[in-house]
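Fair warning: this is a prediction, and the values are worked out from it, not measured in the lab.
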Amino acid sequence: KIKWHFNPETSPGNGFSNSWSSRVNRGVAVSGSRVFVATPDCRLIALDIKDGKKIWDELTCDPKAEYSITGAPRVAAGKVFIG
């Protein structure tokens, strides 16, 4: 049963829309009451595990430079890591 759904509303106009990497997602990280997900337009997003509401949203690279995030976030020592 699906508890909630989240649409990160990625912007296809940032140079990544036709790239292979924009179609890949290798998963999420879960820590405590949060779910962390990376988007192909260079954002790292924290969601509330109970209802899927966005807690924060941070730009982690320059999508206009055609960078993209395909890896899953990692959580350790109270920090979230993304490559």
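- If you take OG1 on T70 and CZ on R26, they are separated by 4.0 Å, rounding to the nearest 0.5 Å.
- Sorted by first and then second residue, the disulfide (SG to SG under 2.5 Å) pairs involving residues 37-72 (not counting sequence neighbours) are C42-C61.
- Distance check: I82 CD1 to I69 CD1 gives 5.0 Å after rounding to the nearest 0.5 Å.
- A donor-acceptor distance shorter than 3.5 angstrom exists from the side chain of R43 to the backbone of P8, with no hydrogens or angles considered.
- Hydrophobic clustering of Ile, Leu, Val, Met, Phe, Trp and Tyr side chains at less than 4.5 Å, counting indirect connections, unites V30 with L47.
- Closest non-hydrogen pair, A29 versus P73, comes out as CB-O, 3.4 Å.
- By the criterion of side-chain heavy atoms lying less than 4.5 angstrom apart, applied directly or through intervening Ile, Leu, Val, Met, Phe, Trp or Tyr residues, I45 is grouped together with I49 in one hydrophobic cluster.
- Shown here are the side-chain contact (heavy atoms from CB on, under 4.5 Å) partners of S31, two or more places apart in sequence or in another chain: F36, V75.
- Here F81 is tied to no hydrophobic group at all, with no ILVMFWY side chain closer than 4.5 Å.
- Follow the hydrophobic side-chain contacts under 4.5 Å out from W4 and you never reach I55; the two are in separate clusters.
- Under the 4.5 Å side-chain heavy-atom criterion for ILVMFWY residues, no single connected hydrophobic cluster contains both L44 and V28.
- The side chain to side chain donor-acceptor pair (under 3.5 Å) test applied to K54 returns D57, not counting sequence neighbours.
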